[in-house]
Amino acid sequence: MSATPTSAPHHLTYDTTAAWLSRFATTAESVEPELTALDQRVGDGDFGTNLAGGTARVRRALDALSDAPPADRDSPAVPLATAARVFLDDVGGTSGPLFGLLLQEIAAAVATNPATAGTHELAAGTAAGTAAIQRVGEAEVGDKTLVDALVPAARVLAECAPDTEPGQSLHQAAAAAHEGARATTDLRARRGRASYTGDHARGVPDPGAMAIALLFASYDDPLSSLHHLP
């Protein structure tokens, strides 16, 4: 990933959050075969397809917003809330609603301070999204789920100075999430579909955890492979 320019904005805007989600869609499409291969070994094999299909629907929903009145396109929370609705309502599998919850909480945090929202709001929203996902799924770190990536990402965002440029803080969050995802490789799954495969899931990182790292890493640039994660 290229270094974040020193002139990068310190606040989120409608355009930056919409571009972030569009890049995530490009990333999901590119890495779909890798995520599918992982999920074929630990789940039912549809995670990559569901994620790529869901982010494609997000992109179409964002494109539709371009025809909305300017007043509906003046907050960085709008693209995030739009993506959350798509994941919650239209994306199948178990992970779609979980990504929807995360994006919903990030959108809500950004909406509290839309004019100057940045790293502080991203940290608050990620923490709230992590908590919501853990309430719903009852997963903890070590259960081999996307929580293994979310918890360290939320912690790193909380440790960033509030005025840190969003691209820098999200890059750090992506690195922490990737480390957490890699740590799931040797775990025996205790939650989610992978829990049904027993020891067969050992040796394979959790696809959902990898996707969390991809989400944060896509803020500046789309990724073409899991190997390009920070």
Does some side-chain heavy atom of [Y] sit less than 4.5 Å from a side-chain heavy atom of [X]?
X	Y	result
Leu226	Met210	yes
Leu215	Trp20	yes
Pro166	Leu122	yes
Phe87	Leu102	no
Pro76	Pro114	yes
Val58	Thr82	no
Val204	Asp39	no
Cys160	Gln172	yes

Between the side chains of [X] and [Y], does any donor sit under 3.5 Å from an acceptor?
X	Y	answer
Glu29	Thr55	no
Thr164	Ser169	no
Thr116	Asn113	yes

request  = Count the heavy atoms of every other residue, nucleotide or ligand shown that sit under 6.0 Å from CD of Glu179, and state whether that count exceeds 12.
outcome  =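 Atom CD in Glu179 is not packed in, count stays at 12 or less.
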task = Please answer whether the main-chain N or O of Thr184 pairs with a side-chain N or O of Asp206 as donor and acceptor at a distance below 3.5 Å.
result =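 Not at all, since once roles are kept as given, no pair shorter than 3.5 Å links the two residues.
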query = Between Phe99 and Phe24, how do the two ring planes meet: parallel, tilted or perpendicular, split at 30° and 60°?
reply =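 Parallel: the ring planes of Phe99 and Phe24 meet at under 30°.
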